[in-house]
Amino acid sequence: MNTYEMQYQDDDEDVIDLGILLCDVWKGLRKFWWMLLIVCVVLTGAGFLFGNFLVKPEYEAKTSFTVSTQTSYSDVNASYNFYYNVSTAEQLSNLLPNLLKTDVLNNMILEAVGKEEIETTLSIESVEDSNLFKLIATGPDPKEAKAVLDAAVECIPEVSRYAIGETKLTILQPSVLPEEPINGNSGIKYALYGLLAGIAIGCLVLLIYALTRKTIRTEEDLKEVLNLKCAGVIPQIKFKAHKKKGNQSVSIRNPRAGKALREPIRSMTLKLDRRMKEEEKKAVLVTSTLPGEGKSTISLNLALALAERGNKVLLIDGDLRRSTLRERLDMPKTVKGLSHVLRGEVPAEEAVRYLERENLWFLSGGAESRKVSALLTRDAMKNLMAKYREEMDYIVVDAPPCGGISDAATLSEYCDGILFVMRQDMAKQSQILNAIQNVTSHGKKIIGGVLNGVEESVSGYGYYGYGKYGYGYGYGYGYGQAKKSGRSEEKKQEVKR
């Protein structure tokens with residue numbers, strides 16, 4: 001079992017961080033709010049239709065009465081023959097609810113109302129420590145409900161005689177024909193139920209989404225989950241809405257990018273420059289797990305920053321399937337590139353262009369090719385890299401994402417190390433680990449990981465939004481220790497000079 005597998009298994013046993021969990025729930029809400037809104041609207045509408053058209057109206061007839069039992073002796077005046085005490089009241093409260101369920105009483109009620117079956121149900125409520133009861137008949141037909149209630153009042157004394165002896169019901173509140181259903185406005189009520197169900201389902205979906213997300217969010221994740229050294233933390237940036245007609249290139253040469261981009265890029269470059277010179281390395285390959293993580297932007301700005309430090313730098317667009325650097329450097333589509341060199345159509349000297357404005361040399365990807373693997377394994381690629389190792393101080397190779405194809409691993413054979421770019425909270429940890437295993441399968445090591453597009457929400461690095469190429473210019477920045485260390489390192493370097 002390799003280091004990455006062991007590290008990933010250990011991470012599965014980590015305790016859930018409540019702050020990150022809530023942050024993921026919020027991200028899920030921002031991402032899927034429209035789906036959750038549709039669910040709530042559909043369930044609310046379904047509840048409204050169900051309540052209005054499928055729920056039967058229910059009517060309720062009520063009466064209240066007291067119950068007295070006959071004494072064991074006979075008096076002349078019958079009005080004194082009935083009484084109640086606490087024990088009798090308790091006995092009645094236990095008896096009468098069960099009495100309503102008996103077939104004897106039900107048959108007597110059916111005979112009294114003249115029907116073979118009824119939809120009305122009976123229930124009884126008692127007042128504690130008293131002989132006061134409330135009998136309730138509930139059903140879809142108000143006339144039937146009242147008839148059943150009246151019949152029950154007449155039949156209860158006769159049926160209860162076999163259980164507790166002669167009883168007398170004294171009516172306190174006579175029954176009346178119900179006019180309004182007790183479940184009026186069922187549409188609104190069930191619409192509310194539907195809305196609550198939609199909210200509950202939404203919360204459950206968001207919780208599952210948050211619990212199943214295992215991505216890279218912080219600099220600590222690079223070290224603890226991936227066992228990588230952090231080469232740089234690049235904030236997520238946003239161009240101002242009213243200035244989107246201007247230069248939106250995500251480049252340290254763009255004044256609109258400001259310190260938010262320049263300082264972390266230069267801090268990252270300073271670390272790599274010092275390390276590569278110490279280890280006498282020249283060629284670095286830049287890749288990522290998935291498309292859209294910003295590895296081409298990192299490659300371009302790394303090359304520009306190295307050139308700013310007085311180095312001769314060659315930037316190679318090694319993505320022969322989907323080249324993008326040519327467009328960012330405002331070069332025409334007809335320019336010859338790497339694919340033409342590898343096919344032997346043009347010499348390297350003709351394809352490599354010096355960009356005076358950027359102060360670096362650039363080799364475009366050229367025409368897109370379907371047989372990329374065959375091209376990259378030719379001796380022409382090896383000879384190209386060997387030639388410019390002699391002429392350049394640094395070679396930066398922008399490789400394709402390595403999550404699904406082996407192009408980056410093949411290109412890594414010609415480089416000294418790999419710079420691995422990860423957009424914050426994008427690729428899953430398992431995807432990143434598989435990609436790392438893929439790109440390092442040819443024996444080259446990863447010299448550092450770059451956490452790109454960092455938001456304040458989970459790391460405290462400062463909040464930004466996406467621009468044209470996945471970045472942009474923000475209203476402010478605060479990317480934590482990366483900014484501070486970047487300044488101090490630059491100052492140290494100036495002192496050494």
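Since the model is a prediction, treat every value here as computed from it, not as a measurement. Note: hydrogens, waters and symmetry copies are ignored here, and every other heavy atom, side chains too, is used.
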Checking Lys62 against Glu125 for the salt bridge (charged side-chain N to carboxylate O under 4.0 Å, His left out) test, could you report, in this order, the C-alpha distance in whole Å, the side-chain angles of both residues, the deciding distance, and whether it holds? CA-CA 11 Å; Lys62 301 178 182 178; Glu125 299 174 359; over 6 Å; no

Apply side chain to side chain contact (heavy atoms under 4.5 Å, CB included) to residues Met422 and Leu228 and explain how you reach the verdict. CA-CA 12 Å; Met422 290 151 282; Leu228 294 180; 4.2 Å; yes

The test is side chain to side chain contact (heavy atoms under 4.5 Å, CB included); show your working for Leu320 and Asp407 and say whether it passes. CA-CA 9 Å; Leu320 302 185; Asp407 297 357; over 6 Å; no

Would you please test Thr297 and Arg328 for side-chain hydrogen bond (donor to acceptor under 3.5 Å, both in side chains) and show each step? CA-CA 9 Å; Thr297 301; Arg328 302 188 188 192; 2.5 Å; yes

Going through the checks in order, is the side chain to side chain contact (heavy atoms under 4.5 Å, CB included) test met by Met385 and Cys415? CA-CA 8 Å; Met385 294 295 291; Cys415 299; 4.2 Å; yes

Show, in sequence, the C-alpha distance, side-chain angles and deciding distance for Phe420 and Ile432, and conclude whether the side chain to side chain contact (heavy atoms under 4.5 Å, CB included) test is met. CA-CA 10 Å; Phe420 201 91; Ile432 298 174; 3.9 Å; yes

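Between Arg262 and Glu308, none of the side-chain N atoms (NZ, or NE/NH1/NH2) sits under 4.0 Å from a carboxylate O, so this pair counts as no salt bridge. Using a 4.0 Å cut-off between charged side-chain N and carboxylate O, Lys445 and Glu279 make no salt bridge. Using a cut-off of 4.0 Å between Lys/Arg side-chain N and Asp/Glu carboxylate O, Lys295 and Asp398 are scored as salt-bridged.
Considering all non-hydrogen atoms of both residues, His442 and Ser412 come closest at CB-OG, 4.0 Å. Between Asn301 and Ile265 the shortest heavy-atom distance is O-CG2, 3.7 Å. What you find for Met392 and Lys282 is that their closest heavy atoms are O-NZ, 3.0 Å. Across every non-hydrogen atom of Leu270 and Arg309, the tightest pair is CD1-NH2, 3.3 Å. A pairwise comparison of heavy atoms in Asn438 and Ala409 identifies O-CB, 3.4 Å as the closest pair. The two residues Leu21 and Ala210 have their closest heavy-atom pair at CD1-CB, 3.5 Å.
For the atom pair CZ of Phe53 and CZ of Phe48, the computed distance is 7.0 Å after rounding to the nearest 0.5 Å. Residue Met381 holds its CE atom at 10.0 Å from OG1 of Thr410, rounded to the nearest 0.5 Å. Rounding to the nearest 0.5 Å places NZ of Lys382 at 9.5 Å from CD of Glu413. Note: Leu226 CG to Lys223 NZ = 12.5 Å, rounded to the nearest 0.5 Å. Atoms CD1 and CG, from Ile316 and Leu384 in turn, are 5.0 Å apart once rounded to the nearest 0.5 Å.
In this structure a side-chain-to-backbone donor-acceptor pair under 3.5 Å is present from Ser339 to Ala367. Without hydrogens or angle criteria, Lys189 side chain to Asn183 main chain gives no donor-acceptor distance under 3.5 Å. Counting only distance, with no hydrogens or angles, the side chain of Tyr209 and the backbone of Lys27 share no donor-acceptor pair below 3.5 Å. Looking only at distances, no side-chain donor or acceptor of Thr215 sits under 3.5 Å from a matching main-chain atom of Ala427. With hydrogens and angles ignored, the 3.5 Å screen pairs no side-chain donor or acceptor of Glu350 with any backbone N or O of Pro347. Under the 3.5 Å distance criterion, the side-chain polar atoms of Arg213 are matched with a main-chain donor or acceptor of Asp425. Not one N or O on the side chain of Asn311 forms a donor-acceptor pair closer than 3.5 Å with the backbone of Asp393. Counting only distance, with no hydrogens or angles, the side chain of Arg266 and the backbone of Ile252 share no donor-acceptor pair below 3.5 Å. For the pair Glu119 (side chain) and Gly139 (backbone), a donor-acceptor distance under 3.5 Å is absent. Distance alone, capped at 3.5 Å, places no donor-acceptor pair between the Glu219 side chain and the Leu451 backbone.
Environment of NZ in Lys428: sparse, with no more than 12 heavy atoms of neighbouring residues, nucleotides or ligands closer than 6.0 Å. The number of heavy atoms from other shown groups lying within 6.0 Å of NZ (Lys387) is above 12. In Arg321, the CZ atom is crowded: over 12 heavy atoms of neighbouring residues, nucleotides or ligands sit closer than 6.0 Å. Counting non-hydrogen atoms of other residues, nucleotides and ligands closer than 6.0 Å to CD of Glu280 gives a total of 12 or fewer. In the displayed structure, Lys134 atom NZ is contacted under 6.0 Å by at most 12 heavy atoms of other residues, nucleotides or ligands. The environment of CZ in Phe50 is crowded: more than 12 heavy-atom neighbours from other residues, nucleotides or ligands sit within 6.0 Å.
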Report all side-chain donor-acceptor pairs from residues 355-365 shorter than 3.5 Å, counting only partners two or more places apart or in another chain.
unit_1 : atom_1 : unit_2 : atom_2 : d
Asn359 : OD1    : Tyr354 : OH     : 2.8
Ser364 : OG     : Gly366 : N      : 3.2

